[in-house]
Number of protein chains: 2
Amino acid sequence: MYTLSLMPSKPLSASARAYEQLRSEILDGSIAAGSTLYEVEQASRLGVSRTPVREAIGRLVAQGLVEPGGGRGSVVTDVSDQDVESLFEMRACLEAQAAQLAALRGKRSVFVDFAEEFRSAVPVLRSPSLDKDAVRDYYGLIRRFDEAINVAAANPYLVDAMEGLRTHVARVRRKAGSSPERLTASALEHALIASAIAGGDTALALHATHVHIHNSLEHFRQAFAGLGNPA
Amino acid sequence: MYTLSLMPSKPLSASARAYEQLRSEILDGSIAAGSTLYEVEQASRLGVSRTPVREAIGRLVAQGLVEPGGGRGSVVTDVSDQDVESLFEMRACLEAQAAQLAALRGKRSVFVDFAEEFRSAVPVLRSPSLDKDAVRDYYGLIRRFDEAINVAAANPYLVDAMEGLRTHVARVRRKAGSSPERLTASALEHALIASAIAGGDTALALHATHVHIHNSLEHFRQAFAGLGNPA
DNA sequence: GTGTTGCGCTATGTATACACTCAGCCTCAT
DNA sequence: ATGAGGCTGAGTGTATACATAGCGCAACAC
């Protein structure tokens, strides 16, 4: 019997592989912001021809991770301080709306459970022996929570936009790192949002999300302060 | 001396031409929703090779105008009643936010002028001898207004998202048609929004936009009612 | 010594050729 | 007559070949 989860259900196309790899390398910083991607170079590096690479780069450009370099390659975009401000302004708007919709339409029991999960994450994150796995688990929890909100909000346009934004948020997060203090605060904020949704309290869901995004932005502002980001 | 506006500054690439043409044909209905686009077929029709067509279709898929047909061609998406609801829910959120930001950051004189323009459009649109040119002019005015809000909101993520949405709104608009009543109401609503922005009244800009989108949706709901749209 | 012109290299844009998949149908065996 | 199996052709996915444009460098003229 095959181990199903490890057996790729589909032998991913070359374009898809090229896209996934370039994307993850940009997100985790293996390809630094400002680097120039040349089609031939990437094609040989990734072991595919130029065609899939072109397609992959096209998608990255559409996502805003890369921008056309005027004929000569495509350069990996950077995340400026101004971008972070704009990004979070937009996030506040969308995530708050999504939370509100989730409170209106979502399956309450799901969010009761999430509230509990977030609450029980707090002591773990606060503990001084906080290790990477715990942090990764916490990000996984957030990911599942976001997913649940996507489902509950039941608005494909909204979901698409939020997913697009999350890509950029991931870059910001990685640039800024995280502190145990911020993580515990985050968990408490999420717990409140989840409770609000679970209780069908649309206004509280909206406002708690707004507060959460605001605090998150404030954290990043402080993290970036003084390390001289380009405008 | 060249007539600058008619002189294409750049000899648009084949991909770009393919994209523009397919896009406009989908938007104006020349290519009906539900049609299947085959790469070879479109390539020969548009007089280019498959490569630019692939790229064009890729972009259309990313925009949601077309969806992959499981290996065999890509089908032009339709706009269901549910899509319209989701679309306007999202629009309300984004455009309201944009109007609020414009009220906060925009150059007031610009919006004073727009308010005046919208007010003076009312009698024209109300007139019984309303012709197509007047309607087109009015849509042009809206377009310029949207553009001004884009600039004033000064948030690239927000602008991108709204532009993406407007593509779909254009399809809805064309499907529903317009009535003189709705157009005059629309002009008045826009005038109010413009005034609110001009006056720096963020709350009013937000709420007036919300109301406007709501009324617009209501109009489309009525237009679609009874003509049996697919879910 | 400096400015200019032309050549060549490189990287993209486009076309085409090749490989592979899948659906539909036809045939043959039972 | 009917079902299974293979064939065929259309269509996509990928590779490669060809065209073209821009930049740098070098050489030559002044």
Side-chain angles (χ1 to χ4, degrees), chain A residues 2 7-26 30-78, chain B residues 2 7-26 30-78:
Chain A
Y2 295 122
M7 225 44 189
S9 47
K10 266 189 183 177
L12 229 44
S13 74
S15 318
R17 271 183 292 126
Y19 170 73
E20 297 293 348
Q21 180 156 0
L22 284 175
R23 181 171 191 278
S24 75
E25 286 179 348
I26 290 172
S30 327
I31 301 182
S35 318
T36 303
L37 301 179
Y38 298 97
E39 294 176 359
V40 276
E41 180 182 329
Q42 295 304 318
S44 76
R45 187 174 72 89
L46 301 177
V48 296
S49 80
R50 275 181 58 209
T51 312
V53 172
R54 276 180 75 80
E55 197 154 323
I57 292 183
R59 287 171 68 182
L60 294 171
V61 168
Q63 271 199 278
L65 288 178
V66 158
E67 57 193 5
R72 242 44 191 213
S74 310
V75 310
V76 178
T77 57
D78 196 2
Chain B
Y2 295 121
M7 223 47 189
S9 48
K10 265 189 184 175
L12 230 46
S13 74
S15 317
R17 271 183 292 127
Y19 170 73
E20 297 294 348
Q21 180 155 0
L22 284 174
R23 181 171 191 277
S24 74
E25 286 179 348
I26 291 171
S30 325
I31 301 181
S35 318
T36 302
L37 301 180
Y38 298 97
E39 293 177 1
V40 276
E41 181 182 329
Q42 295 302 320
S44 76
R45 187 176 72 90
L46 301 178
V48 295
S49 80
R50 275 181 59 208
T51 312
V53 172
R54 274 180 77 80
E55 198 154 322
I57 292 183
R59 287 171 67 182
L60 294 170
V61 168
Q63 270 200 278
L65 288 178
V66 157
E67 58 192 5
R72 283 326 155 73
S74 309
V75 311
V76 177
T77 56
D78 196 2

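These values consider heavy atoms only, across backbone and side chains, with no hydrogens, waters or symmetry-generated copies. Numbered from 1 within each chain, the chains take letters A, B, ... in sequence-line order.
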Distance in angstrom units between A:E55 CD and C:dT12 P, rounded: 16 Å
Which pair of heavy atoms, one from [X] and one from [Y], lies closest together, and at what distance?
{"X": "B:I57", "Y": "B:S74", "answer": "CG2-OG, 3.6 Å"}
{"X": "B:P52", "Y": "B:A18", "answer": "O-CB, 4.3 Å"}
{"X": "B:V75", "Y": "B:G34", "answer": "CB-O, 4.4 Å"}
{"X": "B:A56", "Y": "B:S15", "answer": "CB-O, 4.2 Å"}

Contacts of B:A62 that satisfy side chain to side chain contact (heavy atoms under 4.5 Å, CB included) - sequence neighbours left out: none
Qualifying residues under side chain to side chain contact (heavy atoms under 4.5 Å, CB included), relative to B:T77, sequence neighbours excluded: B:E67, B:R171
Contact list for DNA chain C against residues 37-53 of chain B - heavy-atom distance below 4.0 Å: B:V48, B:S49, B:R50, B:T51, B:P52
Start and end of the DNA chain D segment that chain B contacts, any atom under 4.0 Å from a heavy atom: D:dA10 to D:dT14
Set of residues satisfying side chain to side chain donor-acceptor pair (under 3.5 Å) with respect to A:T36, sequence neighbours excluded: none
Position toward the 5' end of DNA chain D (nearest nucleotide), B:G73 or A:R72: B:G73
side-chain hydrogen bond (donor to acceptor under 3.5 Å, both in side chains) pairs, two or more places apart, involving residues 39-48 of chain B: B:E25-B:R45, B:E39-B:R50, B:E39-B:R54, B:Q42-B:R45
